[in-house]
Amino acid sequence: MAKNVITPRGEDFPRWYQDVIQKAELADNGPVRGTMVIRPYGYSIWERMQQAMDARIKAAGAKNAYFPLFIPESYLTREAEHVEGFSPELAVVTHAGGKRLEEPAVVRPTSETVIGEYMAKWVQSYRDLPLLLNQWANVVRWELRPRLFLRTSEFLWQEGHTAHATEEDARLYAKRIHEQVYAEFMRDELAMPVVLGRKTAKERFAGATNTLTCEGMMGDGKALQMGTSHELGQNFARAFDMNFLTEDNERELAWTTSWGTSTRMVGGLIMCHGDDAGLRVPPKIAPVQVLVMVVKDGEGVAAAARQIVDDLLAAGVRAEVDDRDTAFGRRAVDAELKGIPVRVEVGPRDLAAGSVTLARRIAGGKSPVPLGGLVDAVRAALVEDHDALYADALRRRDDRIQSVATIAEAAEAAATGWATLPWAAVGTEGEATLGESAITVRCLMLPDGSVPREEDEDGVLAVVARAY
RNA sequence: CGGGACGUGGCGCAGCCUGGUAGCGCACCGGCUUUGGGUGCCGGGGGUCGCCGGUUCGAAUCCGGCCGUCCCGACCA
């Protein structure tokens, strides 16, 4: 492995993170503070996330639609908590077409309001419910302390918005998205274990009655909120007059939900799986699962490498050839920085032996594989790598969660990881105390890992940590 | 907005204190070399020293003003 290519994680984790993003060619800072240029390799990772997520969202019954970037300022103000929560980070267009606008247009920070307005129009009868929508879009939240992928003033995301006839139906749908779309996606595609829970009132989405969250643990023990699913009660339905006639011809307000995941997940992926050699991309998300490297050309090696790529592609493996003219070591280091799970090294020596060399980014090590058995070996490696990444992440998380009894102990544990303690021992005051040390209650959960329906249920645990 | 630092080729920095017309590492380009772990050597291109003004024969360097960036704090997918 190459040395000193990037800052070691243990030396300076934030610096390591920046180095990985730069060296793996994931992103650059944009020209306006807080903005981000997503480079092709970073974007291809996002595209794979989108694809996998989109399929799950559709399987949950939601359909894609698109709503405008500009929202009338007056919409935002209709839901009191919502506007209060978002006003500090709004970008507002006051001038356009060379004139001052009669009503300023807010650049969407999220779309509950516009979508609420239109859902109100479309929902007339109980027969129109549930109405299940999703959109892929960019949103803008003017951030004071931006960090690439984790907190940028503009980011890309998916936002789901649904309307239901009953509170129970809305609750179950928010839960379904939380568990069967988000958490499963993170586990099965990103190889990331997440803690599921509900947010405290302080951490709840502005305008929601309940916020469910997926919290991931990063390599430095800090928490990252990777996705949220909200029950909005009738708050937005009331603000936008979204009502419908029941079977009994009664007029009732709908119950709505919203839920989102963003490009922040790319940051989570980096910080969860990366190591001192760079990124490690889980095979299912990897834009390039196998890089076939021409070690030394001249004896039909390049042609053999291309044939191998074709065979892998035909077998449904995402493969690319690397026949660049640069030194082998540099190309190998590049592949490691980018976290490509498997490298197939092809050189004259290999071909003479009728084999190739399989180099593993995640499991580590190299070994010869007969050409005829390559496709199967690659398939097995990719499955094994996914499981290994998940196991690593899970082990780290379990090692770094401490069960404690007091706020003081929790604060101590949060220096290196997470702590769980009875929510009853924390409460709103304890939450404020911890906040003074930049420690937050990430979520509330039950001892068996399930999500409590109410904050004050018996045995509810608070998960506290420092967070991104 | 409160506290701290910094603006010099693409990136990271030295030079400033003690003025004399810009240098190093990486990256980039060309040649040879080596392609099985950032190969080595030779050659080369690229900078209004953040901006404006002042002092001076002469300013990256000294003085004044302005602009910008980064870090810490208050907000967040």
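In what follows, every chain begins at residue 1, and chains take the letters A, B, ... in the order their sequences are listed. Any value given below was found using the heavy atoms of this structure, including those in side chains, with hydrogens, waters and symmetry copies removed.
Only the C1' atoms considered, B/A60 is 12 Å distant from B/U48, to the nearest whole Å. Rounded to a whole angstrom, the distance from the C1' atom of B/A22 to that of B/A14 is 11 Å. For the P atoms, the distance linking B/C16 with B/U21 amounts to 14 Å, nearest Å. With C1' as the reference atom, B/G7 and B/C13 are 13 Å apart, rounded to whole Å. When the C1' atom is used for both B/G19 and B/C66, the distance is 24 Å, rounded to whole Å. Only the P atoms considered, B/G45 is 16 Å distant from B/G25, to the nearest whole Å. The same atom, C1', is picked in B/C70 and in B/C24; the two are 24 Å apart, to the nearest Å. Between B/G68 and B/G31, the two C1' atoms lie 42 Å apart (nearest whole Å).
For the pair A/R78 and A/E112, the salt-bridge criterion is not met [side-chain N within less than 4.0 Å of a carboxylate O]. Salt bridge absent: A/D334 and A/R343 never bring a charged side-chain N and a carboxylate O closer than 4.0 Å. A salt bridge does not link A/D188 to A/K284: none of the charged nitrogens lies less than 4.0 Å from a carboxylate oxygen.
With B/G37, B/A77, B/U35 as the choices, the nucleotide that has an atom nearest any side-chain atom of A/V333 turns out to be B/G37. Listed nucleotides: B/G37, B/U35, B/A77. Nearest to the side chain of A/E345: B/G37.
Counting non-hydrogen atoms under 4.0 angstrom, A/E143 reaches a base of the nucleic acid. No contact: A/S153 has no heavy atom under 4.0 Å from any strand. A/G260 comes within contact range of no nucleotide atom at all, as no heavy-atom separation falls under 4.0 Å. Residue contacts shown for A/T357 include a base, since a base heavy atom lies under 4.0 Å away. As judged by a 4.0 angstrom heavy-atom cut-off over every strand, A/R343 is placed among the base-contacting residues.
Judged purely by distance below 3.5 Å, without hydrogens or angles, the side chains of A/T7 and A/D12 never pair a donor atom with an acceptor atom. For the 3.5 Å distance criterion, the side chains of A/R171 and A/N210 fail to qualify, holding no donor opposite an acceptor. With no hydrogens or angles considered, a side-chain donor-acceptor pair links A/T257 and A/W259 at under 3.5 Å. Between A/Q158 and A/T261, the side chains place a donor N or O and an acceptor N or O closer than 3.5 Å (distance only, hydrogens not considered). In the model, A/D220 has no side-chain atom that pairs as donor or acceptor with a side-chain atom of A/Y17 under 3.5 Å. For the 3.5 Å distance criterion, the side chains of A/R442 and A/T440 qualify, holding a donor opposite an acceptor. In the model, A/D350 has a side-chain atom that pairs as donor or acceptor with a side-chain atom of A/T357 under 3.5 Å.
Taking atom CG of A/D325 as the reference point, atom P of B/G30 lies 10 Å away to the nearest angstrom. When rounded to the nearest whole Å, the span between CD of A/E89 and C1' of B/A77 equals 9 Å. Atom NE2 in A/H230 sits about 7 Å away from atom P in B/A77, given to the nearest Å. Spacing between atom CG of A/D334 and atom C1' of B/A27 amounts to 13 Å, rounded to whole angstrom units. A/R204 has its CZ atom 14 Å from the P atom of B/C76, to the nearest Å. Atom pair A/N138:CG and B/A77:P shows a separation of 17 Å (rounding to whole Å applied). The distance from atom CZ of A/R442 to atom C1' of B/A77 is 11 Å, rounded to the nearest whole Å. Atom pair A/F155:CZ and B/A77:P shows a separation of 8 Å (rounding to whole Å applied).
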Under the rule of Watson-Crick or G-U wobble with both distances under 3.5 Å, where | means paired to another strand and [ ] a crossing pair, RNA chain B maps to ((((((((.[[[[.)....(..]]]].(((((.......))))).....[[[[[..)....]]]]])))))))....
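RNA chain B is contacted by both A/L337 and A/M226; A/L337 maps to the nucleotide lying nearer its 5′ end (nearest heavy atom per residue). Ranked by how close their nearest RNA chain B nucleotide is to the 5' end, A/T261 and A/A327 are led by A/A327.
With hydrogens and angles ignored, a donor-acceptor pair under 3.5 angstrom links the side chain of A/R151 to the base of B/C76.
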For nucleotides 68-74 of chain B, list the nitrogen or oxygen atoms of the protein found under 3.5 Å from its nitrogen or oxygen atoms, one pair per line.
{"from": "B/C70", "atom 1": "OP1", "to": "A/R33", "atom 2": "NH1", "distance (Å)": "3.4"}
{"from": "B/C70", "atom 1": "OP2", "to": "A/R33", "atom 2": "NH1", "distance (Å)": "2.4"}
{"from": "B/C72", "atom 1": "OP1", "to": "A/R145", "atom 2": "NH2", "distance (Å)": "2.9"}
{"from": "B/C72", "atom 1": "OP2", "to": "A/R145", "atom 2": "NE", "distance (Å)": "3.0"}
{"from": "B/C72", "atom 1": "OP2", "to": "A/R145", "atom 2": "NH1", "distance (Å)": "3.4"}
{"from": "B/C72", "atom 1": "OP2", "to": "A/R145", "atom 2": "NH2", "distance (Å)": "2.3"}
{"from": "B/G73", "atom 1": "OP2", "to": "A/R145", "atom 2": "NH1", "distance (Å)": "3.0"}

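Aromatic ring orientation, A/H82 versus A/F236: perpendicular (interplanar angle above 60°, classes split at 30° and 60°).
A stacking contact between A/F328 and B/G36 is absent: the pair does not combine a ring-centre distance of less than 5.5 Å to the base's six-membered ring with planes differing by less than 30°.
A sub-4.0 Å separation between OP1 or OP2 of B/A27 and a side-chain N or O of A/R330 is present.
A cation-pi contact links A/K338 to A/Y41, judged by a cut-off of 6.0 Å to the six-membered ring centre and 45° from its axis.
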